[in-house]
Structure formats: C-alpha cells, structure tokens
Amino acid sequence: MNQTIFDLDPDSLTGPLGAHHHARFTGQGAELLVHFATTPKGMDADQHHSPLEAQARQRGWSLLTIVAQAGHDFRADAVIGFFDRCVDGAIFDQFEQTLFYGDEDGGYAALCYALSAPGARIVSVTPKAAAQPPQARYLPESKNLAVASRLIWLHDPTSADAMKPDEAAQVLTTRFLAPEAEARLLRYGVFWTLLEGAMGGGVAPSAIYKGLRARRDDQRYIRRLLALCKPADRQARAAVIAGSYAARSGHPRYRETYRKLIEAHDLKGFMPI
C-alpha cells in the first residue's frame, strides 16, 4: 500500500465548497474513487453521506465525494477552485489509481474534473449535457478526455438531455436507464461490476448487459415501458411487454392488461396466457 496516502490530512479535503457544495474524504487505500453526488431535495450538501462509503471501505478504496445540493450542478467556482487546489497540492499523484465516477449531472462532472488527474479512469453514467461557460479550465472536450487512461460511458439515447459520447470512450448503450441511473444499476446488481472493472482490468460489456436483464423482472421498469407504449401505434408492443412479464411472473394485473390490449385493439396472432 502507498504509505504516503496517510500523509494526507482528511480535514484538508473535507468541508464546504461555497453555499451549495461539500467535499468529504475518507482515506484508507492506494486506489481512490472520486464520486459526484447530488442530495435529495430539501437536504443540505453537508448532511449527505454517500451510500457508496461502506462498499468503498470493503474494497479498500479511498473515497472523495463531492456533493451538490439538489438544483445545483458542479460548475460552481468553489468546486473548480477545489480541484485547482488538488492539482497544486499533487493530491491525486499520491494514489496508484484514481477513478472519477458520477451519473447524470455527476456524470458530466466526472468528465470535466478528471482532467485534474492525468491518467485517471472515468465512468460516466448517462451524463447530462450542460451549457458550457465561455471560459473554464475543466470541460469535457475530446482533448481533455484524452488524458484519461480509460473512459467508460453508459449512454441512454432515450434521454432528452443525453450527451453525445466521445469517440475515445468505451460506450455501453443502455436505453431507458436514466433518470436515477445509479439507483437502477445498484438495484440490478451491476453497479460494482462496473466500478470494479473500471478500477481494475476493464469492463466486459457482456457482464453489464447480462446484469441489466434483471430489468425484465422489475415492475417499475415494466410500468415505465408500458407508459411509453400508450400511443395507438405501439399497442402491439405494449401487449408483448405485458404478456411477457405476466408469463414470467404470473402477476394477474399484467395478465389482465395483456388480455385487454388484445381485445381492445383486435390484435391478431396473440395467444392467451
């Protein structure tokens, strides 16, 4: 283990970053996860504790969490200044490996601030496109992303504000993953497969896609798909979704939905279940 990590003063990396952001550092290992998180509505940034903290400890990782209060992004001057200080203090140089991670607004931030640690790795999950200020040091431009040693980008093309993936990225297309992408990845059991792979030897797309098949048995996901199939020209697709889920789960509500769709739209070729 890189003993110089313990020369870091956690208090120097923990504290408020202006009025709406907070940084919190816990150091124990030579691998550092930099996580960008947003609070639930009504919570102050300094009250938020990342649900990743315990799992990072179990893996022997150090963790630096940058928290934004709900309704605020990560482009505040105080956040930019924080990463400037990390660069000036060579903070990231003291770790053997650094991984920047975030989803949605945090995914955009991970793309931006990884520039502060050349050679770092990035996992950006369904990053939201954001207006770029005319003058800024940290922007998710190709020339800046090129300093990362690995860039994994989960792209949801169904999201209205999705960023276009960079050409250098390993792109995993994950339709209907946003919003709340992180919560979904945790629920489907693929989140740590993704982060461990990014921190270690690499991410096998087949492992992620296989894990995401768990969505087929998630009622919230099924309800979302059915809501998207309300237009008249998508009723046959809705019947397939409802019928497939009913056949696997035996759920009477979806069996009834399937039956009503067939009868109401006179769908030919569909078998009763």
Side-chain angles (χ1 to χ4, degrees), residues 35-41 48 50-56 58-59 70 101-107 110 123-128 152-163 165 170-198 203-231 233-262 264-265 267 270-273:
H35 174 213
F36 296 88
T38 301
T39 69
K41 290 183 179 179
H48 181 273
S50 169
L52 311 188
E53 289 179 9
Q55 290 291 331
Q58 288 184 14
R59 287 161 174 79
Y101 157 74
D103 76 317
E104 302 178 40
D105 285 335
V123 172
S124 183
V125 175
T126 63
K128 287 185 177 181
I152 300 166
W153 191 309
L154 270 62
H155 175 57
D156 183 353
T158 67
S159 176
D161 51 8
M163 287 183 66
Q170 178 186 359
V171 180
L172 304 179
T173 301
T174 51
R175 295 172 62 85
F176 307 116
L177 188 63
E180 300 181 356
E182 180 181 292
R184 298 176 196 276
L185 292 173
L186 284 165
R187 192 159 68 243
Y188 303 142
V190 296
F191 180 85
W192 289 105
T193 300
L194 177 65
L195 261 63
E196 287 178 336
V203 174
S206 59
I208 303 303
Y209 290 131
K210 182 179 180 180
L212 288 176
R213 288 177 64 83
R215 296 191 293 180
R216 301 184 311 151
D217 298 315
D218 182 352
Q219 277 197 57
R220 284 169 285 192
Y221 178 68
I222 299 300
R223 286 197 299 267
R224 185 181 181 196
L225 291 184
L226 290 174
L228 293 169
C229 292
K230 284 184 177 180
D233 62 347
R234 297 180 181 176
Q235 293 303 290
R237 185 177 301 176
V240 170
I241 293 168
S244 176
Y245 181 72
R248 290 194 307 275
S249 67
H251 200 298
R253 179 191 304 170
Y254 292 91
R255 190 183 301 273
E256 182 66 11
T257 297
Y258 174 77
R259 184 188 64 78
K260 288 181 178 179
L261 284 166
I262 292 175
H265 301 280
L267 297 174
F270 282 75
M271 299 294 292
I273 59 173

- Message: I want to check something: taking the side chain as every heavy atom from C-beta on, are L212 and L185 in contact at a cut-off of under 4.5 Å?
- Response: yes
[atom1] of [X] to [atom2] of [Y]: how many Å apart, nearest 0.5 Å?
X	Y	atom1	atom2	answer
T257	I241	OG1	CD1	11.5 Å
D105	K128	CG	NZ	5.0 Å
D161	T126	CG	OG1	9.0 Å
Y254	S244	OH	OG	12.5 Å
Y221	R187	OH	CZ	11.5 Å
R255	Y245	CZ	OH	12.0 Å

Please name the pair of heavy atoms, one in [X] and one in [Y], separated by the smallest distance, quoted to 0.1 Å.
X	Y	answer
V125	A181	CG1-CB, 3.6 Å
A207	V190	O-CG1, 4.4 Å
L194	V203	O-CG2, 3.5 Å
T38	H48	O-NE2, 4.2 Å

Are the side chain of [X] and the backbone N or O of [Y] linked by a donor-acceptor pair below 3.5 Å?
X	Y	result
D156	L177	yes
E182	G102	no
T173	H155	no
R184	P179	yes
R59	Q55	yes
Q235	L261	no

- Excluding sequence neighbours, so at least two apart, what forms salt bridge (charged side-chain N to carboxylate O under 4.0 Å, His left out) with R248? D217
- Given R216, R220, R215, the one that forms salt bridge (Lys or Arg N to Asp or Glu O under 4.0 Å) with D218: R220
Show me, pair by pair, the donor-acceptor contacts under 3.5 angstrom made by side chains of residues 223-231, not counting sequence neighbours?
from : atom 1 : to   : atom 2 : distance (Å)
R224 : NH1    : F176 : O      : 2.5
R224 : NH1    : A178 : O      : 3.0
R224 : NH2    : A178 : O      : 2.4

- Message: Angle between ring planes, H35 versus Y101, binned at 30° and 60°: parallel, tilted or perpendicular?
- Response: parallel
